[in-house]
Amino acid sequence: MIELKDLCTKGSSSIAQKDLEGHDGIYPIYGASGFIKNVDFYQQEKPYIAVVKDGAGVGRVMCLPKESSVIGTMQYIIPNDGVNVKYLAYALEHLNLAKYYTGATIPHIYFKDYCKEKLPAHPPEDQSRIASILGRVTDLIALRKEQLAALDQLVKSRFIELFGDPQRNPYGYQYAKLSDIATYFNGLTYKPENVAEEGTIVLRSSNIQNSQLDFADTVRVDCAIKERLIVQENDILMCSRNGSAKLVGKVALIKGIEEPMSFGAFMMIIRSQYFGYLMTYFQMDAFRQQIKTGATTTINQITGRMLDEVTIPVPPMALVEQFTVFVEQTDKSKLAIQRSLDELETLKKALMQKYFG
């Protein structure tokens, strides 16, 4: 075994994103969310690793190209001579550096804390082989995610084709309040002692993945649940409140119920005969524009009162049913791709455990 600090050195950046104005060029610079822009300078001559050390996404690992830079919220990790940069990036990913964060308001991680992590001392030829194997799996994972995103875009394109942009309503459909065509309400409040091995599933934000239900992280409760809080086929499950604003508003359609299920207090059920139309509408900018607060598009929560103010063009039911059939066919393809993605992610975790302990 060998300590991480014996495989690499750290470097720092003092570049702020506001300092990039007027610096246009050919060299990429990156931040916590990825590529920012091309500038007229670079700090690193060789490929390297960057770790998010401050703020949102702390601990995230990126393997970045030569002749590039990062801003000050990132930490440079420079592999020593003879250390494969991609191998080291996968090793850091496996170590889950986010567990080292400190700071209640703005999380930070420090190299001095995680540099003592131990890894197997693989020789250079093994490092290259391991990086190649994990790289092929990682590329397949990225491809599956791209395929899912492409199918989501296909559904939105079909929506626009049939109904037009709901913000402009080019076909002149009659407007209605959302409350006139749907009912909606928040879910079950339960206590920690209600959680049980055997009981009723309570759907939460983590059960929505790629606009579909996912039961990898499931909570069950053993307590009294009102009939109205039991989900029904074709209900739309929406995350109405979450610590992460980007997760607020994500939705999944309830399909193929095999046992009674409820939903948590930070979730909402929208129930309507227009479920196929509304499911996609909730994922479009037209919806978020109607519920944003003030001048910002950041949505911290969605309340019933906010939904009461939403107005929406209502197309003929025959068109809605036609669109719903198309979505159901697309969802079958998404389900097959999601299964493949889950299997690949499980394989990657098993390989990383094998190679890095």
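What you see below is based on every heavy atom in this structure, not just the backbone, and it leaves out hydrogens, waters and symmetry mates.
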Name all residues meeting the side chain to side chain donor-acceptor pair (under 3.5 Å) criterion together with Arg136; count only those two or more places apart in sequence or in a different chain, and write none if there are none.
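With sequence neighbours excluded, Arg136 shows a side chain to side chain donor-acceptor pair (under 3.5 Å) to Ser132, given in chain and number order.
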
Check against side chain to side chain donor-acceptor pair (under 3.5 Å), Tyr90 and Thr138
CA-CA 10 Å; Tyr90 287 123; Thr138 300; 3.3 Å; yes

Closest non-hydrogen atom pair, [X] against [Y]:
X: Ser179; Y: Tyr184; result: CB-OH, 3.2 Å
X: Thr324; Y: Gly276; result: OG1-CA, 3.4 Å
X: Ile2; Y: Pro120; result: CG2-O, 4.2 Å
X: Lys334; Y: Gln212; result: CB-NE2, 3.9 Å

Pairs involving residues 69-79, ordered by first then second residue, that meet side chain to side chain donor-acceptor pair (under 3.5 Å) (sequence neighbours left out):
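Checked against side chain to side chain donor-acceptor pair (under 3.5 Å) - neighbours excluded - the pairs reaching residues 69-79 are Gln43-Tyr76.
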
Between Lys348, Lys349, Lys86, which is the residue that forms a salt bridge (charged side-chain N to carboxylate O under 4.0 Å, His left out) with Glu93?
Lys348

Might you confirm whether atom NZ of Lys99 has over 12 heavy atoms from other residues, nucleotides or ligands at distances under 6.0 Å?
yes

May I ask you to check whether [X] and [Y] show a side-chain donor-acceptor distance below 3.5 Å?
X: Tyr100; Y: Glu117; value: yes
X: Asn186; Y: Ser240; value: yes
X: Gln167; Y: Asp285; value: no

Is the backbone N or O of [Y] less than 3.5 Å from a side-chain atom of [X], with the two atoms forming a donor-acceptor pair by type?
X: Thr189; Y: Ala265; value: no
X: Arg60; Y: Ala32; value: yes
X: Ser262; Y: Leu229; value: yes
X: Asn80; Y: Asp6; value: yes
X: Asp222; Y: Val195; value: no
X: Gln290; Y: Thr311; value: yes

Hey, are Arg144 and Glu345 close enough for a salt bridge, meaning a charged N less than 4.0 Å from a carboxylate O?
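Salt bridge flag = no for Glu345 with Arg144.
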
Would you mind listing every salt bridge (Lys or Arg N to Asp or Glu O under 4.0 Å) that reaches into residues 255-264, with sequence neighbours excluded?
Arg220-Glu259, Lys255-Glu328

Show every ring-ring contact (aromatic ring centres under 6.0 Å, His included) that has at least one partner inside [range], sequence neighbours left out.
range: residues 188-229; value: none
range: residues 136-167; value: Phe159-Phe163, Phe159-Tyr277, Phe159-Phe323, Phe163-Tyr277, Phe163-Phe323
range: residues 337-357; value: Tyr87-Phe356, His94-Phe356

So, do His23 and Phe41 have ring centers that fall under 6.0 Å from each other?
yes

Dump the intermediate steps for side chain to side chain donor-acceptor pair (under 3.5 Å) on Ser68 and Gln44, then the final yes or no.
CA-CA 6 Å; Ser68 66; Gln44 298 298 329; over 6 Å; no

